[in-house]
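Just so you know, ligand 1 is whichever comes first in the structure, and atom 1 is the first atom listed for that ligand. The first residue in the sequence is number 1, and the count goes up from there.
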Amino acid sequence: MPTLDIRDLEVHYAIKGGSLQALAPVNLTMHDGDFVVALGASGCGKSTLLNCIAGFLPPSSGEILLDDKPIVSPGADRGVVFQKHALMPWLNVRDNVALGLRFGGMDTSKRDAIADAKLALVGLEKYGDRAVYELSGGMQQRVGIARALASDPALLLMDEPMGALDAFTRETVQEILLHAWQASNKMVFFITHSVEEALFLGTRLIVMSPSPGRISHVYNDVPFSRQFLAHGDARKVKSEPEFIRMREEVLAIIHHREAAHV
Ligand code: ADP
Ligand code: MG
């Protein structure tokens, strides 16, 4: 069973005249099927944490283990989705999804079959032959999710992937992501600014605070994504009294802290 284990992770950036501590010791363990959402104001170290898990940034101290092996570089066991999709405009949708597999040396028919299966997972099975620029922003982001899933990673890393989408599209992509998560049972580490999005998607919420970045609050066993997957009605979930109560509680934590910094 894949496990991610973050132990006493600290990051210090070298800046002019000294160093900036972006992460105080962070500890976090994730298992198969965990959907962890990191929430918090700008600058509290969310992207720094994700970039360390992705292997883009080395820890200053501490370590991150994926299946007991230290993460020292990017790898096919982690799929990454950013706010900006970074698809290749000269490749069609299928070839974009299959690109990493092509670099890995897989033959065409095999990687096309995998790409088509991942496209079906995000509801784009009819779009494999289309050019990327023919697709809407929401569809392009779904292609990005399919691409991140193509190498069958243990862990999906998503840094504000819905940030550039309009509200309606965002809700649709959230629902598609939950279905893809349910079908693949991956670990997901997801960053957002939206409390509502965090509660709707995550099985666990970590609220981070700045200077230096750290985890200040943890909500385990958040039930709403599984409720949505059981009955398929997102509006019903988001209007439940318990959803609204938690939303206001988390908003109060974040706003109270921001007010203290203004
Ligand atoms: P978030 O994603 O929560 O907005 P970041 O992880 O991007 O936060 O940043 C955390 C802190 O580290 C901020 O104070 C930011 O200015 C600083 N920081 C981020 N990247 C760098 C860098 N490459 N060099 C120096 N400081 C950085
Ligand atoms: Mg960020």
Side-chain angles (χ1 to χ4, degrees), residues 4-28 30 34-64 66 71-74 78-86 137 140-141 144-145 148 155-166 170 173-174 177 187-202 204-219 222 247 250-262:
L4 182 81
D5 197 3
I6 301 176
R7 294 184 184 162
D8 294 325
L9 175 72
E10 280 188 52
V11 172
H12 299 256
Y13 289 111
I15 54 168
K16 213 169 145 194
S19 78
L20 181 146
Q21 184 171 12
L23 287 181
V26 167
N27 288 281
L28 180 71
M30 290 175 63
D34 277 349
F35 196 130
V36 174
V37 179
L39 195 63
S42 287
C44 64
K46 303 180 297 295
S47 295
T48 300
L49 178 55
L50 183 141
N51 287 334
C52 287
I53 303 171
F56 300 145
L57 185 71
S60 305
S61 65
E63 60 181 354
I64 306 180
L66 183 54
I71 288 173
V72 290
S73 61
R78 282 148 288 148
V80 187
V81 183
F82 291 109
Q83 181 169 333
K84 197 108 186 36
H85 59 72
Q140 291 181 357
Q141 212 51 330
I145 295 169
L155 175 64
L156 208 52
L157 299 168
M158 310 184 81
D159 196 344
E160 302 192 39
M162 316 289 188
L165 304 178
D166 64 79
R170 190 171 179 140
V173 179
Q174 287 171 357
L177 173 63
M187 293 184 277
V188 182
F189 183 85
F190 185 105
I191 295 174
T192 181
H193 273 104
S194 160
V195 175
E196 187 177 276
E197 181 166 271
L199 286 171
F200 182 64
L201 293 177
R204 195 177 343 154
L205 216 67
I206 59 173
V207 183
M208 296 184 66
S209 63
S211 313
R214 61 194 179 281
I215 298 173
S216 64
H217 296 75
V218 178
Y219 290 87
V222 181
R247 187 187 71 200
V250 177
L251 274 171
I253 292 170
I254 295 171
H255 283 177
H256 178 71
R257 188 185 300 141
E258 285 191 355
H261 282 85
V262 170

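Here the CD1-CD1 distance, from I64 to I71, works out to 5.5 Å after rounding to the nearest 0.5 Å. Here F200 contributes atom CZ and L177 contributes atom CG; the two are 10.0 Å apart, rounded to the nearest 0.5 Å. The structure places CG of L50 at 8.0 Å from CZ of F56, a figure rounded to the nearest 0.5 Å. Atom CD of E63 sits about 9.0 Å away from atom CG of D8, to the nearest 0.5 Å.
Residue G45 has at least one nitrogen or oxygen atom sitting less than 3.5 Å from a nitrogen or oxygen atom of ligand 1, judged on distance alone. By the 3.5 Å distance cut-off applied to N or O atoms, A22 is not counted among the residues near ligand 1. Between A14 and ligand 1, not a single N/O pair is under 3.5 Å apart. Polar contact check, S42 against ligand 1: no nitrogen or oxygen pair lies under 3.5 Å apart.
Remark: side-chain polar atoms of Q174 are not paired, donor with acceptor, to backbone N or O of E197 under 3.5 angstrom. Remark: side-chain polar atoms of R214 are paired, donor with acceptor, to backbone N or O of P212 under 3.5 angstrom. Listed for the Q141 side chain is a donor-acceptor partner under 3.5 Å among the backbone atoms of Q83. A distance-only check finds no donor-acceptor pair linking the side chain of K46 to the backbone of M208 [under 3.5 Å]. Judged purely by atom type and a 3.5 angstrom limit, R247 has no side-chain atom pairing as donor or acceptor with the backbone of L199.
With respect to F189, the side chain to side chain contact (heavy atoms under 4.5 Å, CB included) criterion is satisfied by exactly one of V80, D159, L49: L49.
In this structure, atom 16 (O) of ligand 1 has its sub-4.0 angstrom surroundings free of protein heavy atoms. Note that atom 13 (C) of ligand 1 has protein non-hydrogen atoms nearby, at separations under 4.0 angstrom.
Proximity of N51 to ligand 1, defined as any heavy-atom pair under 4.0 Å, is not found for any part of the residue. The residue I191 has no part lying near ligand 1, judged by heavy-atom distances below 4.0 Å.
The closest protein non-hydrogen atom to atom 19 (C) of ligand 1 is Y13 CE1, 3.4 Å. The protein heavy-atom contact nearest to atom 4 (O) of ligand 1 is G43 N, 2.7 Å. From the protein, the heavy atom lying nearest to atom 7 (O) of ligand 1 is S47 CB, 3.9 Å.
Judged by the shortest distance from any of its heavy atoms, G213 lies outside the 4.0 Å radius around the atoms of ligand 1.
Remark: ligand 1 atoms within the under-4.0 Å shell around heavy atoms of I15 are 25 (C). Contact atoms of ligand 1 toward T48: 5 (P), 6 (O), 9 (O), 10 (C) (distance under 4.0 Å to a heavy atom of the residue).
In summary, S47 places an N/O/S atom under 2.8 Å from the Mg ion (ligand 2), meeting the contact criterion.
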